[in-house]
Amino acid sequence: MSLSVEEQKALRGTLGQFPTGVCLITCAVGGEKLGMTMTSFNSLSLTPPLILFSIDKRARSLPQWEKAEGYAVHVLSSTQQDLSNRFARPGDKWAGVPHGTGLHDAPVLPGVTALMECRAFRVEDAGDHLLFIAEVERHSADPDRDPLVFARGRYAALETGERADTGWPLAIHY
Ligand SMILES: Cc1cc2nc3c(=O)[nH]c(=O)nc-3n(C[C@H](O)[C@H](O)[C@H](O)COP(=O)(O)O)c2cc1C
């Protein structure tokens, strides 16, 4: 099934009602550093520990991503909107961006709210995107940093008011 331009716009609007965090996912291939802003990140499995993200087939760097042996998934913090914008545009994404090197040589950036270093597990064809599944090998989180939020096609902030007492954990397998 293929959608008309209007139908695609409508579906984007519907999907945009689902808020996400914003990830900067990096990798290194043959000495070249790659980084891309992505909201398609999600958790997938605990046994084994798997996460997923997807990349548009039109992305210039896609052929390189397919060769990567691992990735560093950064969950951006509320102060890192500039980084999100920078890594969503073509051009020299890395100029002046401080970073170290993590597993599989993936660039690792400071100041994030969470970091997952992963090894490539599987790449699946999925319509106009490729679906990347990766196994988490090392991770860390900084609960004192609020995550950057994306909803309805724009950045948003997490509301940090009083939490309702939901009686967590709920009676589901999460
Ligand atoms: C908030 C936000 C989320 C994005 N999420 C994705 C995503 O999940 N997958 C994707 O392929 N592109 C996503 N993009 C677009 C890419 O970041 C952008 O097209 C990418 O930098 C292109 O890479 P290239 O230089 O290799 O072409 C997103 C952009 C923004 C601003």
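When a ligand or atom number is given, it counts from 1 through the structure's own listing order. Note that these values count all heavy atoms, side chains included, but never hydrogens, waters or copies made by symmetry. Please read these numbers as outputs of a predicted model, since none were measured by experiment.
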For the residue pair Trp65 and Tyr71, does the interplanar ring angle fall in the parallel (under 30°), tilted (30 to 60°) or perpendicular (over 60°) class?
-> parallel
Min N/O separation Phe87 to ligand 1 under 3.5 Å | yes
Does any N or O atom in Ser61 lie less than 3.5 angstrom from one in ligand 1, N or O only?
-> yes
Among Leu24, Thr37, Ile25, Thr20, closest by heavy atom to atom 13 (C) of ligand 1 is Thr37
Taking atom types as modelled and ignoring hydrogens, do the side chains of Ser61 and Gln64 form a donor-acceptor contact shorter than 3.5 angstrom?
-> no
Arg60: numbered ligand 1 atoms lying under 4.0 Å from its heavy atoms = 24 (P), 25 (O), 26 (O), 27 (O)
Where the side chain of Ser84 meets the backbone of Gln80, is there a donor-acceptor pair that is under 3.5 Å apart?
-> no
The complete set of side chain to side chain donor-acceptor pair (under 3.5 Å) pairs with one or both residues in residues 109-119, sequence neighbours excluded, reads Glu117-Arg138, Arg119-Glu135
Ligand 1 N/O within reach of His129 N/O, cut-off under 3.5 Å = no
From the candidates Cys23, Pro90, Ala88, the one that places a heavy atom nearest atom 29 (C) of ligand 1 | Ala88
Where the closest heavy atom to atom 22 (C) of ligand 1 is concerned, which of Lys93, Arg154, Arg89 has it?
-> Lys93
May I ask you to check whether Tyr155 has an N/O atom sitting below 3.5 Å from an N/O atom of ligand 1?
-> no
Subset of ligand 1 atoms that lie under 4.0 Å from at least one heavy atom of Phe150 = 1 (C)
Under a 4.0 Å N-O cut-off, is there an ion pair linking Lys33 with Asp92?
-> no
Check Val149 against Pro19 and note the closest heavy-atom contact, atom names and distance.
-> CG1-CB, 4.4 Å
Whether Arg58 lies under 4.0 Å from ligand 1, heavy atom | no
Side-chain (Thr26) to main-chain (Pro107) donor-acceptor, under 3.5 angstrom | yes
Using the test ring-ring contact (aromatic ring centres under 6.0 Å, His included), find all partners of His99 that sit at least two apart in sequence or belong to another chain.
-> Trp94
the protein heavy atom lying closest to atom 20 (C) of ligand 1 turns out to be Met36 CG, 3.5 Å
Lys93 backbone acceptor or donor facing Arg86 side chain under 3.5 Å | yes
Between the candidates Ala59, Ser54, Ser40, which shows the shortest non-hydrogen contact distance to atom 10 (C) of ligand 1?
-> Ser54
Any atoms of ligand 1 less than 4.0 Å from a non-hydrogen atom of Asp56? List them with their elements.
-> 10 (C), 11 (O)
Counting each atom of ligand 1 from 1 as listed, which ones have a heavy atom of Ile55 under 4.0 Å away?
-> 11 (O)
